[in-house]
Amino acid sequence: MRDTLLTEAAAVPDAGTVRVSAGGGLDQSDDGADSSVTSLGASLLWSPVTNLALGVSSQWQGGSFTPTASVRWQLLSEAVAPVNLTALVRFRAVGMESTGSELDAKLAFGRTLGRAGLTGNLLVGKGLGHRGDVDFEASSLASYRLTSAFRTGIEGRVHFELVDEFKTPEDVGRPFGLVVGPTASYVWKGFQLQGLVGWSSPRGTAPTGVVAQALATFDF
């Protein structure tokens, strides 16, 4: 089980695994001016011991880089429990509103039933420093394995603010941001390639439009 384009996996890699990921795409801008923005990102995930993974990543968007660091702990495995369940704590140098840093706490859960799979995430993020807002994000992927290598599904993500004390341009207009669309993935040994083409509606007054993203991961 690996992270997808909008949803993080409910399990961590086997102990000793190093996972390298890189991707990018076209999304709708959230500044109310430009109609679209290009993003590129790369990440490294390492599992030093069973059920624990450490991650670092960086994303380029709008002319600036956003580094993050995270710790994941797998609490339950569907090998011995009804679901996979993983807790994640992550520090973002720049939060969801592109102002100030943020500390996130996330629960990821998932279940496989034959060829079908369902993964969901629930996240609460607290702004640090001068931005004390509290963000909420939920995402989910429902997928179906067509063959041993190909899987397709529907993925979506929504986010909004639970506490909004620090006002930005995104606070005028739509109170939530939404991304949804069909997704497909191809797996070959340790390599996986994923793609999503769908619809994006950012928070604020930015126009809605098409979103297209791709992500490649490789396990060592």
Side-chain angles (χ1 to χ4, degrees), residues 3-10 23-41 43 55-73 85-109 119-141 154-181 196 198-213:
D3 294 346
T4 59
L5 291 152
L6 305 178
T7 309
E8 287 176 296
L26 184 69
D27 202 347
Q28 298 308 111
S29 172
D30 58 8
D31 61 10
D34 299 326
S35 60
S36 62
V37 62
T38 301
S39 64
L40 297 171
S43 66
V56 292
S57 67
S58 183
Q59 183 178 28
W60 178 86
Q61 181 172 312
S64 62
F65 284 93
T66 301
T68 69
S70 65
V71 178
R72 308 185 191 196
W73 179 28
L85 181 66
T86 296
L88 178 147
V89 176
R90 176 174 56 207
F91 172 78
R92 304 190 201 193
V94 180
M96 291 187 186
E97 284 194 313
S98 302
T99 54
S101 55
E102 181 172 302
L103 186 65
D104 297 336
K106 174 181 284 189
L107 280 178
F109 53 90
T119 303
N121 293 174
L122 296 174
L123 176 148
V124 175
K126 177 68 169 62
L128 303 176
H130 65 280
R131 179 180 176 265
D133 294 358
V134 178
D135 299 310
F136 176 81
E137 181 181 279
S139 59
S140 182
L141 167 68
I154 298 292
E155 189 166 16
R157 180 179 65 201
V158 62
H159 71 272
F160 54 87
E161 292 191 311
L162 296 174
V163 177
D164 185 10
E165 298 177 347
F166 186 80
K167 299 301 180 181
T168 72
E170 295 176 31
D171 296 319
V172 178
R174 283 182 297 274
F176 63 89
L178 176 67
V179 178
V180 64
L196 178 147
W199 178 74
S200 173
S201 179
R203 286 187 65 234
T205 59
T208 62
V210 173
V211 56
Q213 297 182 8

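Nothing fancy with the numbering, it's 1 onward along the sequence.
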- Task: Let me see the working for E8 and R72 under salt bridge (Lys or Arg N to Asp or Glu O under 4.0 Å), right down to the final yes or no.
- Result: CA-CA 11 Å; E8 287 176 296; R72 308 185 191 196; 3.3 Å; yes

Any side-chain to backbone donor/acceptor pair from [X] onto [Y]? Under 3.5 Å, distance only.
X   : Y    : answer
T86 : A10  : yes
D27 : V37  : no
R92 : D104 : no
T68 : F91  : no

Any heavy-atom pair between the side chains of [Y] and [X] that's under 4.5 Å?
X    : Y    : value
F136 : L122 : yes
P202 : R174 : yes
R90  : L123 : yes

- Test applied, side-chain contact (heavy atoms from CB on, under 4.5 Å); reference residue, L6; option that passes from L141, N121, L196: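 Passing option: L196.
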
- Task: Using the test side chain to side chain contact (heavy atoms under 4.5 Å, CB included), find all partners of W199 that sit at least two apart in sequence or belong to another chain.
- Result: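 L178, V180, S201, T208.
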
- Task: Could you go through the side-chain contact (heavy atoms from CB on, under 4.5 Å) check for E102 and D135 one step at a time?
- Result: CA-CA 9 Å; E102 181 172 302; D135 299 310; 2.6 Å; yes

- Task: Determine, stepwise, if the pair L103 / V89 fulfils side-chain contact (heavy atoms from CB on, under 4.5 Å).
- Result: CA-CA 7 Å; L103 186 65; V89 176; 4.1 Å; yes

- Task: Assess whether side chain to side chain donor-acceptor pair (under 3.5 Å) is satisfied between T7 and E155, documenting all intermediate values.
- Result: CA-CA 8 Å; T7 309; E155 189 166 16; 2.9 Å; yes

How long is the gap from [atom1] on [X] to [atom2] on [Y], to the nearest 0.5 Å?
X    : Y    : atom1 : atom2 : value
S39  : Q213 : OG    : CD    : 6.0 Å
S140 : R157 : OG    : CZ    : 12.5 Å
S200 : L26  : OG    : CG    : 9.5 Å
W60  : L40  : CH2   : CG    : 6.0 Å

- Message: Between T4 and T119, does the side-chain contact (heavy atoms from CB on, under 4.5 Å) criterion hold? Intermediate values first, please.
- Response: CA-CA 10 Å; T4 59; T119 303; over 6 Å; no

- Item | Any residue meeting ring-ring contact (aromatic ring centres under 6.0 Å, His included) with F176, in chain and number order, not counting sequence neighbours |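 Checked F176 against ring-ring contact (aromatic ring centres under 6.0 Å, His included); zero matches.
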
- Query: Which pair of non-hydrogen atoms, one from P175 and one from R203, has the smallest distance, and what is that distance?
  - Reply: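 That would be O-NE, 3.4 Å.
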
